[in-house]
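This report refers to the structure that appears directly beneath it.
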Amino acid sequence: MPESAATPQLTVAISSRALFDLNASNLIYEEQGLEAYRHYQIAKEDEALAPGEAFPFVQKLLNINKILGKHQVEVILLSRNSADTGLRIFNSIKAYDLEITRAAFCSGESPYRYVRAFGCTLFLSTHADDVTHALEHGVAAATLLGGGAQPRENGNDLRLAFDGDSVLFSDEAERVYQSEGLDAFARTEAAAASQPLDGGPFKAFLRALHGLQQEFPESDCPIRTALVTARGAPAHERVIRTLRAWDIRLDESLFLGGMDKTEFLTAFGADVFFDDQTGHCERASPHVAAGHVPHGVANVRPADSGEENIR
């Protein structure tokens, strides 16, 4: 077959369990084994799977191609299924009219190694190990938590919310907070206000989103982004100057000064929220789809620490 003539601005990899609800199927695999799972999926391969946690995100992302009238977004399916058991997944993709044509079925092996081969900017999965490996290879990645969040009932626009430190930005400021406390964090961030922060694992994804946003008039863009950070004044200034130095626009910036993020995420109407703190993600997941980004100092400290970081 001929190669695609157009290179999309944004390519996202999604695991089959993030895209569709495979909980019942997985229970059969865990309780009865691989062969029973295989027979179950083949018997039901013409029965469409229910949408999973990331389904609304994927649907809205692919809708951007229809709005633009050109292929600027691509979604790649990565699955631990075999092609045999994965036929039900492709049939479900067809049933929901999702424009997904490329996939890797790995028969039980981790599919993360194909993320870079497909040129993906983002990888969403329910397998934490796969996400960690993708991050280690320089690809923005998050583990979607199954909190049962319901899709927004109004609006077809895509709304994405990001934490700051260790997600959009490096964890350099967070390391100061973890080792020296809040007062030292505030002092060092105020002193370094004019020095842009280094980029975190989601900088390239945010830049790609920003590029897509430039395809639309600012007043009529179907993509809306927000920074939702527990930073407050005076630590806000360095963040603003960093984004200015990167020449990247965020539509909304919420500096919460340590307040819980959940209500603000709900008010924003986030389709997905990305944060490196498991606590923030777990609290948000019943209300919005939440992706844990296992990156930065907060994810390597002793398990019994119990503290949460400033963001």
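Numbering starts at 1 and runs along the sequence shown.
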*Report, as yes or no, whether the 6.0 Å neighbourhood of atom OH on Tyr29 holds more than 12 heavy atoms from other residues, nucleotides or ligands.*
no
*Please answer: with hydrophobic residues joined when any side-chain heavy atoms are less than 4.5 Å apart, are Leu158 and Leu62 in the same cluster?*
yes
*Compare every heavy atom of Arg224 with every heavy atom of Asp251, then report the nearest pair and how far apart it is.*
OD2-CA, 3.3 Å
*Would you kindly say whether Asn63 and Gln59 are connected by a side-chain donor-acceptor distance under 3.5 Å?*
no
Side-chain donor/acceptor pairs under 3.5 Å, residues 44-56, sequence neighbours excluded:
unit_1 : atom_1 : unit_2 : atom_2 : d
Lys44  : NZ     : Glu47  : OE1    : 3.4

*Just checking, any donor-acceptor pair under 3.5 angstrom between side chains of Ser82 and Ser107?*
no
*Sub-3.5 Å donor-acceptor pair from the side chain of Arg231 to the main-chain atoms of Leu256, do we have one?*
no
*Should the ring pair Phe185 and Tyr177 be called parallel, tilted or perpendicular, given that the plane angle runs from 0 to 90° and is split at 30 and 60?*
perpendicular
_Geometric cation-pi criterion Arg159 and Phe268, 6.0 Å radius, 45° cone_ = yes
_Side chains of His280 and Asp260, donor plus acceptor under 3.5 Å_ = no
*asked:* With no hydrogens and no angle check, just 3.5 Å: does a side-chain donor-acceptor pair link Glu282 and Gln277?
replied: no
*asked:* Testing the 3.5 Å rule here: is there a donor-acceptor pair between the side chains of Asp171 and Gln178?
replied: no
_With a 3.5 Å distance limit and no angle check, can you tell me whether His292 reaches the backbone of Asp276 through a side-chain donor-acceptor pair?_
yes
*Under 6.0 Å between ring centres, would you say that holds for His137 and Tyr112?*
yes
